[in-house]
Amino acid sequence: MTTETLTGRLTIFQGHQRLLQADRLTVLRYLQNHDELHPGGSPTPLWVFDDLSGLRLDLNWRSELAPTSPPTPLDGAEPAPVTPAAAPMEPASHGRAARAVGRPKLGVVSREVTLLPRHWEWLNRQPGGASAALRRLIDDARNAHAEKDSQRAATEATYQFMQAMAGDLPGFDEACRALFAHKQSAFLLQTQAWPDDVQAYLHQLSRPIWPV
């Protein structure tokens, strides 16, 4: 697992009770400990949710916590011989240093973009050329729509969790309508009788939706 994968925040529920909110590695170890204490399985299963997307995840601690070191050979068995790796061949320089491909310092990724001729003409007249102009346009759009994008992502995350956890709770349909209409008071009214931990997690997921 990469460092980025391990640092994502996750939440464990058992029924309507929130058991743990932590990084991925801590959650995996909690699941391992739970399974070892309940080898036959618990009456109420543990559900893991992604704090960013609200999606329910199917984690397998056995594969993700697998040791990375090679297995120890059995008694009396000879370890497999290690074949030294061949040295990489040096490319022919033809009298000059090989030129690096791309621009790794910027992390640039090459993709195909289809535009009309007038678009290319405009882009090519911009400082830095077409690629630099496209990057600036995208960054400007991201900054201009950051609040709306955050609201949209939070709405979807809240709905994903509600679908999985609260579909059979009273007022679910009304709460969904209030959520997508961004009516905070109506949403709180329809969810106020729901279990405390479910309400608390919904408030966490939906926080970017509501005005400050």
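All heavy atoms count here, side chains included; hydrogens, waters and symmetry mates do not. Keep in mind that what you see is a predicted model, and the values were worked out from it rather than measured. This chain uses plain numbering: 1 for the first residue, then up along the sequence.
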- Task: Verify the neighbour count for atom CZ of Arg136: are there more than 12 heavy atoms of other residues, nucleotides or ligands below 6.0 Å?
- Result: yes

- Note on the structure: Applying side-chain hydrogen bond (donor to acceptor under 3.5 Å, both in side chains) to Ser206 and not counting sequence neighbours gives Trp210

- Message: Closer than 3.5 angstrom, by distance alone: can the side chain of Asp197 be matched with the main-chain N or O of Gln17 as a donor-acceptor pair?
- Response: no

- Run the side-chain contact (heavy atoms from CB on, under 4.5 Å) check on His119 and Leu116 step by step: do they pass? CA-CA 5 Å; His119 299 148; Leu116 293 174; 3.6 Å; yes

- Query: So if you build clusters from Ile, Leu, Val, Met, Phe, Trp, Tyr with side-chain heavy-atom gaps below 4.5 Å, do Tyr201 and Val27 land together?
  - Reply: no

- Message: Show the nearest heavy-atom pair for residues Leu205 and Pro208, with the distance to one decimal.
- Response: O-CD, 3.5 Å

- Query: How far apart are the C-alpha atoms of Leu46 and His34, what are their side-chain angles, what is the distance that settles it, and do they pass the side-chain contact (heavy atoms from CB on, under 4.5 Å) test?
  - Reply: CA-CA 9 Å; Leu46 304 188; His34 178 270; 3.5 Å; yes

- Item | Distance, nearest 0.5 Å, that separates OG of Ser185 from CD of Gln190 | 10.0 Å

- Query: Could you give the distance from CZ (Arg18) to CD (Gln199), rounded to the nearest 0.5 Å?
  - Reply: 11.5 Å

- If Ile, Leu, Val, Met, Phe, Trp and Tyr residues are connected whenever their side-chain heavy atoms lie under 4.5 Å apart, and connections chain through other members, are Phe180 and Leu169 in the same group? yes

- Do Thr11 and Leu19 come within less than 4.5 Å of each other through their side chains, counting heavy atoms only? no

- Message: Counting C-beta onward and ignoring hydrogens, is there a side-chain heavy-atom pair between Leu25 and Leu65 closer than 4.5 Å?
- Response: yes

- Message: Applying a strict under-4.5 Å side-chain criterion to I, L, V, M, F, W and Y, I'd like to know whether Leu189 and Val198 cluster together.
- Response: no

- Task: State the CG-CZ distance between Asp51 and Arg24, to the nearest 0.5 angstrom.
- Result: 12.0 Å

- Verify the distance criterion only: is there a donor paired with an acceptor across the side chains of Thr44 and Gln14 at less than 3.5 Å? no

- Note on the structure: To the nearest 0.5 Å, atom CG of Leu37 lies from atom CD of Gln32 at 10.5 Å

- Task: Identify whether Tyr159 and Phe187 are in the same connected component of the hydrophobic contact network (ILVMFWY, side-chain heavy atoms under 4.5 Å).
- Result: yes

- So, does Trp194 use its side chain to make a donor-acceptor pair with the main chain of Pro170 at under 3.5 Å? yes

- Message: Determine whether Phe49 and Met165 satisfy the following criterion, side-chain contact (heavy atoms from CB on, under 4.5 Å), listing intermediate values before the conclusion.
- Response: CA-CA 10 Å; Phe49 293 90; Met165 184 61 70; 3.7 Å; yes

- Between Leu123 and Leu115, does a side-chain contact (heavy atoms from CB on, under 4.5 Å) hold up when you go through it step by step? CA-CA 10 Å; Leu123 286 171; Leu115 299 174; 3.4 Å; yes

- Item | Cys176 vs Met162 side-chain heavy atoms within contact, under 4.5 Å | yes

- Taking only residues two or more places apart in sequence, or in another chain, which ones meet Asn60 in a side chain to side chain contact (heavy atoms under 4.5 Å, CB included)? Arg62, Ser63

- Enclosure of Leu52 CG (heavy-atom neighbours >12, cutoff 6.0 Å): no

- Message: Just so I know, are the side chains of Arg56 and Gln163 near enough to count as touching, which here means a heavy-atom distance under 4.5 Å?
- Response: no

- Got a sec: does the CG of Asp173 have more than 12 other heavy atoms crowding it under 6.0 Å? yes

- Item | From CG (Leu28) to CG (Leu31), nearest 0.5 Å | 6.0 Å

- Query: Any donor and acceptor pair, going by atom type alone, linking the side chain of Gln126 with main-chain N or O of Trp122 inside 3.5 Å?
  - Reply: yes

- Query: Between Phe13 and Phe161, how do the two ring planes meet: parallel, tilted or perpendicular, split at 30° and 60°?
  - Reply: tilted

- Please indicate whether Asp196 has more than 12 foreign heavy atoms, meaning atoms of other residues, nucleotides or ligands, lying under 6.0 Å from its CG. no

- Is a side-chain N or O of Asn124 found less than 3.5 angstrom from the main chain of Trp120, in a donor-acceptor match? yes

- Message: Between Trp47 and Leu202, is there shared hydrophobic-cluster membership here, with clusters defined by ILVMFWY side-chain heavy atoms closer than 4.5 Å?
- Response: yes

- Compute whether any side-chain donor of one residue and acceptor of the other, for Thr191 and His203, lie under 3.5 angstrom apart. no

- Item | Non-hydrogen side-chain atoms of Leu59 and Leu10 separated by less than 4.5 Å | yes

- Distance from Asp23 atom CG to Arg29 atom CZ, nearest 0.5 Å? 8.5 Å

